[in-house]
Amino acid sequence: MADFTSDGFCLNDNKAGLSQMEGHSKEDIAKILTKNSEGSKFYQNKKQRHQATEQRIAQKKKILEEASPADYNDALRKTDKMLSNLEASRDLSHTIVHVDMDMFYAAVEMRDAPHLKDKPVAVGGNSMLSTSNYVARKFGVRAAQPGFLAKKLCPNLIIVPCNFPKYRAVAAIVRGVFAEYDPNYASASLDEAYLDITEHLKVRADRTEEERTLWRCDCEYWRSLDADWKPSATQETEPTSSENNQETCPECGRVAESIVTGTDAEGAVLELRTKVFRRTALTCSAGIAPNSKLAKICTDRNKPNGQYQLPPNKEAVLEFVKDLPVRKIPGIGATTEETLRALGVQTCSDIHKHRASLALVFSDLSTEYFMRVSLGIGCTTISNDEERKSISNERYALLPSPITV
DNA sequence: ATACATACC
DNA sequence: AACTGGTATGTAT
């Protein structure tokens with residue numbers, strides 16, 4: 001049986017023969033970046049903002065020093081009240097999926113110019129890159145990096161200009177697949193979306209094996225856009241033997257393999273990802289979880305071209321979140337991470353440990369956000385833009401963020 | 001109401 | 001030499 005998640009479609013950037021461009025160590029990368037950016041206006045700006053952050057951290061520490069035991073007690077009671085309310089509202093009944101195209105723009109460009117496959121490639125311009133492929137990443141070339149710095153890291157880097165009309169066209173095809181699993185899917189960007197597949201799974205439970213069977217062969221037939229290929233549809237190729245899942249491809253006559261995707265969430269998402277690949281020749285990664293915040297984090301677990309499910313039970317969620325660095329949480333960026341670290345908080349369980357302190361120095365809204373994070377609670381409904389506009393008082397935004405000023 | 005800060009792609 | 005541009009949301013005044 002073909003394993004669609006680990007076959008040759010997955011990018012292999014560890015090929016022998018690439019040895020003349022192995023990439024850089026972390027230290028090399030840091031050294032080159034520092035050498036080329038210190039003294040620049042950008043660097044000065046960054047330093048200034050950093051100092052402002054340190055000021056605010058100092059203020060927070062002062063508040064903590066001056067707080068009385070009674071203040072701590074009140075703060076503790078406040079957070080515990082929040083925690084019990086949030087725990088009571090925990091909803092594990094939805095299956096939320098986050099899908100992310102792998103290095104989207106770069107993947108499209110490599111697909112359409114195969115000679116780029118083994119080369120370090122980034123998409124963007126001299127002043128800013130949107131994304132890079134995995135060869136380039138070994139050199140430290142990243143999204144949101146200026147092209148001229150990337151060139152210092154990787155002199156052989158090929159920078160392809162953005163072609164947004166093309167990316168939009170590809171995104172439209174991908175979104176067509178999403179809609180088959182959740183007609184109300186929400187796009188987070190051209191290459192990312194959230195789906196609630198709870199309803200799909202109910203329908204899927206009654207689908208026959210045949211309806212859940214996907215085919216592929218080694219020829220290029222699957223590249224024809226918008227086609228979900230089925231070999232048995234043609235009469236001249238009688239099914240050879242269905243027990244070893246082999247058929248003959250009507251295009252090239254070679255043996256084609258099939259996989260049967262399960263009725264569960266993993267099966268549905270494997271099928272979704274296979275359809276995306278079939279229709280675009282591009283891979284994507286996905287996370288499956290009881291809420292959107294966790295689903296997004298899960299996406300990174302088996303990237304690229306993989307998926308990961310966090311089971312919908314409280315124990316698994318708490319275990320998942322336990323040693324998770326707070327920076328992994330959508331909404332917690334570099335600044336909030338630094339502020340939290342100064343307060344002794346690096347992982348999500350540290351949030352619980354230091355909840356009284358957090359409540360003393362952050363707003364109620366931010367404190368509640370942190371409590372939600374520590375419990376692994378997030379948004380369990382997906383609303384696209386049209387819906388979001390009609391709901392003026394949304395209790396939980398898709399990606400709530402703490403503001404730590 | 002306005003300006004500023006943080007975060008994401 | 002050079003570090004996007006657009007959107008969303010929260011905080012401070």
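Protein chains get the first letters and strands the later ones, always in sequence-line order, with residue 1 at the start of each.
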In whole angstroms, how far is the [atom2] atom of [N] from the [atom1] atom of [X]?
X        : N     : atom1 : atom2 : answer
A/Met103 : B/dC9 : CE    : P     : 17 Å
A/Ile329 : B/dC8 : CD1   : P     : 11 Å
A/His50  : C/dC3 : NE2   : P     : 21 Å
A/Gln51  : B/dA5 : CD    : C1'   : 17 Å
A/Arg49  : B/dC4 : CZ    : P     : 14 Å

Please confirm whether the shortest side-chain N or O distance from [X] to OP1 or OP2 of [N] is below 4.0 Å.
X        : N      : result
A/Lys296 : B/dA7  : no
A/Arg327 : B/dC8  : yes
A/Ser366 : C/dT11 : yes

Which value, in whole Å, describes the distance between the C1' atoms of nucleotides B/dA7 and C/dT4?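 Looking at atom C1' only, B/dA7 and C/dT4 are 15 Å apart.
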Just jot down the side-chain contact (heavy atoms from CB on, under 4.5 Å) partners of A/Asp350, sequence neighbours excluded, or say none.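 Expected list: A/Val345, A/Gln346, A/Thr347, A/Lys353, A/His354.
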Taking only the side-chain heavy atoms of [X] (C-beta and beyond), determine which of [options] contains the nearest atom.
X        : options              : answer
A/Arg56  : C/dC3, B/dA5, B/dA7  : B/dA5
A/Ser363 : C/dT11, C/dA2, B/dC9 : C/dT11
A/Leu149 : C/dC3, C/dA2, B/dA7  : C/dC3
A/Phe148 : B/dC9, C/dA2, C/dG10 : C/dA2
A/Phe42  : B/dC9, C/dG10, C/dC3 : C/dC3
A/Thr53  : B/dT6, B/dC9, C/dA2  : B/dT6

Determine, for A/Asp364 against A/Lys78, whether the closest basic-nitrogen to carboxylate-oxygen distance falls under 4.0 angstrom.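 Between A/Lys78 and A/Asp364 there is a salt bridge, with a charged N closer than 4.0 Å to a carboxylate O.
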Among A/Met82, A/Lys314, A/Met371, which one satisfies side chain to side chain contact (heavy atoms under 4.5 Å, CB included) with A/Glu87?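 Of the listed options, the one satisfying the test is A/Lys314.
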Only one of A/Val123, A/Thr131, A/Leu190 passes side chain to side chain contact (heavy atoms under 4.5 Å, CB included) with A/Phe104; say which it is.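 Testing each of A/Val123, A/Thr131, A/Leu190 against A/Phe104, the sole residue satisfying side chain to side chain contact (heavy atoms under 4.5 Å, CB included) is A/Leu190.
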